[in-house]
Amino acid sequence: MSGFRAFLARGNVLDLAVAVIIGAAFGAIVNSLADDLIMPVIGWLFGGLDFSGYFVRLGPIPAGYKGALNDYASLKAAGVAMFGYGQFITAIVKFLILALVIYQLVRFAGRFARTEEAAPAGPSEETVLLREIRDLLKARS
C-alpha cells in the first residue's frame, strides 16, 4: 500500500488528475460554445439550418412509434438505425473549436516560457573570460 501511496504522491500523477478534471470542465464549456453560440449562428447564416437534425434513416420505424419522422433524437431513442451526419458535422465543429483554443493556449504558454528563458542570469562565460583576459593584459602593461 505504501508503494501505491508513493505513486499517487508523485507530481506527475497529481498533475494528470488535475488536467483530466480541468479538461472535462473545459469540454463542457466548448460544448456550450458550439451548441449555444456558434452552431446557431452557422445555421442562421445558411438560412436557418440545424445540422443536428440531418440524418438518413437506415432502418424501419417501430410499429408503436408516435413521434415525428424528422426528429433525430426521438427516432434514435426509439432504436431506429440512422446515419446521423448532422451530428457528425456538429462534432467536427466542436473539435475544431477545441483544437483552436488549445493551440492558442499552448502558443501563449510557449511565448511566456520563451520570455523567461531569454533573460540570462548574468554575463556569459565568454564575456567573463574576455574580461579576465582584458584585466590580465592591463595588469601586465
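Heavy-atom contacts from other residues, nucleotides or ligands closer than 6.0 Å to OH of Y85 number more than 12. Atom CD of E125 has 12 or fewer heavy atoms from other residues, nucleotides or ligands within 6.0 Å.
Annotation: side chain of T127 is in contact with side chain of S124 (closest heavy-atom distance under 4.5 Å). Within the 4.5 Å cutoff, the side chain of R134 has no heavy atoms near those of the L130 side chain. Taking the side chain as every heavy atom from C-beta outward, P123 and R131 approach each other to under 4.5 Å.
A continuous path of ILVMFWY side-chain contacts below 4.5 Å connects L37 to F26, so both sit in one hydrophobic cluster. In the hydrophobic clustering of this structure, Y54 groups with L58; members are Ile, Leu, Val, Met, Phe, Trp, Tyr whose side-chain heavy atoms approach within less than 4.5 Å, directly or through other members. I21 and I29 sit in two unconnected hydrophobic clusters of ILVMFWY residues. Membership requires side-chain heavy atoms under 4.5 Å apart, directly or through other members. Hydrophobic clustering (ILVMFWY, side-chain heavy atoms < 4.5 Å, transitive): L100 and F95 are in distinct clusters.
Hydrophobic clustering, defined by side-chain heavy atoms of Ile, Leu, Val, Met, Phe, Trp and Tyr closer than 4.5 Å, groups M82 together with F55, I61, Y65, L69, Y72, L75, V80.
Between I97 and the choices I38, I92, N31, I102, the side chain to side chain contact (heavy atoms under 4.5 Å, CB included) rule is met once, by I38.
Closest non-hydrogen pair, A78 versus P62, comes out as O-CG, 3.6 Å.
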